[in-house]
Amino acid sequence: MSKERIDKLLSHEGFGSRKDIRKILRKYDVSVNGKRILDAGFLIDPLEDSLTIDQEKITLHSNLYLMMNKVMHTVSSNKDGEHQTVFDLLDDSLRTPYLQEHLHLVGRLDMDTEGLLLFTTDGNLTHTLISPKSHVDKTYFCVLEHEESESHKEEISKAFGEGIEVGPEDNEEGFKTLPASIKWAGAEEIKKHLNNTSYFTQTESGKKNLVAQAALLTIQEGKYHQVKRMFAAVGNKIIFLKRVSMGKLHLDAALKPGQYRELSEEEIEKLN
């Protein structure tokens with residue numbers, strides 16, 4: 001287990017902000033392995049080191065970060081009475097009382113959408129990534145129902161780049177999107193993004209000219225059915241949708257649908 005800053009760990013355990021932790025370090029006897037600590041940046045191993053505050057032992061939990069390649073027909077929730085959830089795909093080792101209470105999703109994906117889904121116990125990171133003020137890029141690989149001509153592709157790119165009015169859906173009102181960028185996918189990109197998906201096993205799409213139907217759309221919002229509503233506004237329909245990146249983090253191409261793994265330290269840094 002890698003070491004983490006004492007102020008970060010205590011903040012995650014509910015002792016307040018990092019500013020609050022600095023005050024605690026000055027005011028109380030905060031000790032690691034019997035030695036008093038005053039430096040908020042002191043590194044400790046949550047599993048190996050013993051931490052006490054005024055001689056009372058504090059149990060620490062290191063944050064967990066998981067990347068899943070969400071499979072189609074699973075619900076982005078920890079409970080659902082009718083359908084399999086993404087939490088149902090996690091190993092029993094991830095069902096401890098602490099993780100059942102603290103492990104959560106960073107945003108959601110629709111039931112029929114595949115791709116990059118993050119789980120974490122790090123509430124601060126979640127707030128940063130999903131806050132509208134953060135403007136975090138989220139890129140989706142989209143396969144459309146109808147082929148698009150080159151001229152209409154240019155019109156769509158321009159409309160999305162300026163922000164487009166989308167209509168209401170279900171109980172959600174229509175709205176104008178923030179500017180978004182679209183890249184029409186070539187053969188190699190299509191092959192790459194369909195390599196670790198259940199899409200071909202469920203459709204006859206392999207027989208179609210996907211170069212005229214596939215695109216990579218990058219948005220900075222995450223409103224209800226937004227990508228689907230954007231393409232509906234320009235006269236087309238999404239038949240397959242897969243999130244391939246969030247910020248600087250890209251979906252691991254080795255993960256099959258439904259598989260997951262812990263993020264590396266380097267990947268975690270990309271999210272902060």
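Counting from 1, the numbers follow the sequence of the chain as shown. Side chains are part of it too, since the values below use all heavy atoms of this structure and drop only hydrogens, waters and symmetry mates. Owing to the predicted nature of the structure, the values given are computational and were not obtained by experimental measurement.
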Would you mind reporting whether [Y] and [X] have side-chain heavy atoms less than 4.5 Å apart?
X      : Y      : value
Thr120 : Leu271 : no
Glu221 : Phe175 : yes
Leu263 : Leu249 : yes
Thr177 : Ile219 : no
Asn236 : Ile156 : no
Leu90  : Leu99  : no
Lys3   : Ile44  : no
Leu129 : Leu118 : yes

Which atom pair, heavy atoms only, marks the closest approach of [X] to [Y]?
X      : Y      : answer
Ser198 : Met72  : OG-CB, 4.0 Å
Val136 : Met246 : CG1-CG, 4.1 Å
Val227 : Cys142 : CG1-SG, 3.9 Å
Pro257 : Val71  : CB-CG2, 3.6 Å
Gly161 : Pro179 : O-CB, 3.2 Å
Leu117 : Gly107 : CD1-O, 4.0 Å

Do side-chain atoms of [X] reach the backbone of [Y] as a donor and acceptor pair under 3.5 angstrom?
X      : Y      : answer
Arg243 : Gly115 : no
Thr74  : Gln84  : no
Thr128 : Asn124 : yes
Lys70  : Met68  : no
His127 : Leu125 : no
Asn196 : Leu255 : yes
Asn195 : Lys191 : no
Glu114 : Lys242 : no
Lys57  : Ser50  : no
Thr85  : Ser77  : yes

Just jot down the side-chain hydrogen bond (donor to acceptor under 3.5 Å, both in side chains) partners of [X], sequence neighbours excluded, or say none.
X      : result
Ser151 : Ser149
Thr139 : Thr218, Ser245
Ser31  : Asp29
Ser157 : Trp184

Start with the C-alpha distance between Lys223 and Val166, add both sets of side-chain angles, then the distance that settles side-chain contact (heavy atoms from CB on, under 4.5 Å), and finish with yes or no. CA-CA 11 Å; Lys223 296 187 177 180; Val166 303; over 6 Å; no
Taking only residues two or more places apart in sequence or in another chain, which ones pass side-chain contact (heavy atoms from CB on, under 4.5 Å) with Gln220?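 Result, side-chain contact (heavy atoms from CB on, under 4.5 Å) vs Gln220: His135, Asp137.
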Should side-chain heavy atoms under 4.5 Å link Ile, Leu, Val, Met, Phe, Trp and Tyr, which residues sit in the same cluster as Val75?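 Joined to Val75, directly or through intermediates: Met111.
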How about Lys256: does its NZ atom have over 12 heavy atoms from other parts shown lying under 6.0 Å from it?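 Counting other residues, nucleotides and ligands, NZ of Lys256 stays at 12 neighbours or fewer.
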Is the number of heavy atoms from other residues, nucleotides or ligands within 6.0 Å of CG (Asp170) greater than 12?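 Counting neighbours around CG of Asp170, more than 12 heavy atoms of other residues, nucleotides or ligands fall under 6.0 Å, so yes.
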Using the test salt bridge (Lys or Arg N to Asp or Glu O under 4.0 Å), find all partners of Arg261 that sit at least two apart in sequence or belong to another chain.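 Asp252, Glu267.
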Residue list, salt bridge (Lys or Arg N to Asp or Glu O under 4.0 Å) with Glu162, at least two apart or on another chain: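 Glu162 satisfies salt bridge (Lys or Arg N to Asp or Glu O under 4.0 Å) with Lys158 only.
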Please determine whether side-chain contact (heavy atoms from CB on, under 4.5 Å) holds for the pair Glu266 and Glu269, giving the CA-CA distance in whole Å, both sets of side-chain angles, and the decisive distance to 0.1 Å. CA-CA 5 Å; Glu266 181 180 359; Glu269 286 298 319; 5.7 Å; no
Distance (rounded to the nearest 0.5 Å) between [X] [atom1] and [Y] [atom2]:
X      : Y      : atom1 : atom2 : result
Lys19  : Ile21  : NZ    : CD1   : 13.0 Å
Met230 : Ile238 : CE    : CD1   : 10.0 Å
Gln226 : Leu178 : CD    : CG    : 7.5 Å
Leu64  : Thr121 : CG    : OG1   : 5.5 Å
Arg95  : Asn78  : CZ    : CG    : 10.5 Å
Lys237 : Glu145 : NZ    : CD    : 5.0 Å

Indicate yes or no: does Glu189 engage Lys192 in a salt bridge with an N to O separation below 4.0 Å.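 Salt bridge: no.
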Please determine if Arg229 and Glu172 form a salt bridge, counting it only when a charged side-chain N lies under 4.0 Å from a carboxylate O.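 Result for this pair is no, no salt bridge flagged.
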Test Leu51 against Leu10 for side-chain contact (heavy atoms from CB on, under 4.5 Å), laying out the working first. CA-CA 10 Å; Leu51 173 65; Leu10 285 174; 3.7 Å; yes
Once ring pair (Phe, Tyr, Trp, His ring centres under 6.0 Å) is applied, what residue pairs with a partner in residues 214-243 remain, sequence neighbours excluded?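 Checked against ring pair (Phe, Tyr, Trp, His ring centres under 6.0 Å) - neighbours excluded - the pairs reaching residues 214-243 are Phe160-Phe231, Tyr199-Phe240.
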Which pairs count as ring pair (Phe, Tyr, Trp, His ring centres under 6.0 Å) when at least one residue sits in residues 77-97, sequence neighbours excluded?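 Checked against ring pair (Phe, Tyr, Trp, His ring centres under 6.0 Å) - neighbours excluded - the pairs reaching residues 77-97 are Phe87-Phe119.
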Quick one: ring pair (Phe, Tyr, Trp, His ring centres under 6.0 Å) partners of Tyr260, sequence neighbours excluded?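 In terms of ring pair (Phe, Tyr, Trp, His ring centres under 6.0 Å), with neighbours along the sequence ignored, Tyr260 is linked to no residue.
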Results of ring pair (Phe, Tyr, Trp, His ring centres under 6.0 Å) for Phe141 - residues two or more places apart only: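 Once residues adjacent in sequence are excluded, the partners of Phe141 under the ring pair (Phe, Tyr, Trp, His ring centres under 6.0 Å) criterion are His193.
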Mind checking whether Leu25 and Ile58 sit in one hydrophobic cluster, side chains of I, L, V, M, F, W, Y counted as touching below 4.5 Å?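 Hydrophobic grouping puts Leu25 with Ile58.
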Could you walk me through whether Arg5 and Leu43 pass the side-chain contact (heavy atoms from CB on, under 4.5 Å) check? CA-CA 5 Å; Arg5 291 172 58 106; Leu43 298 176; 3.9 Å; yes
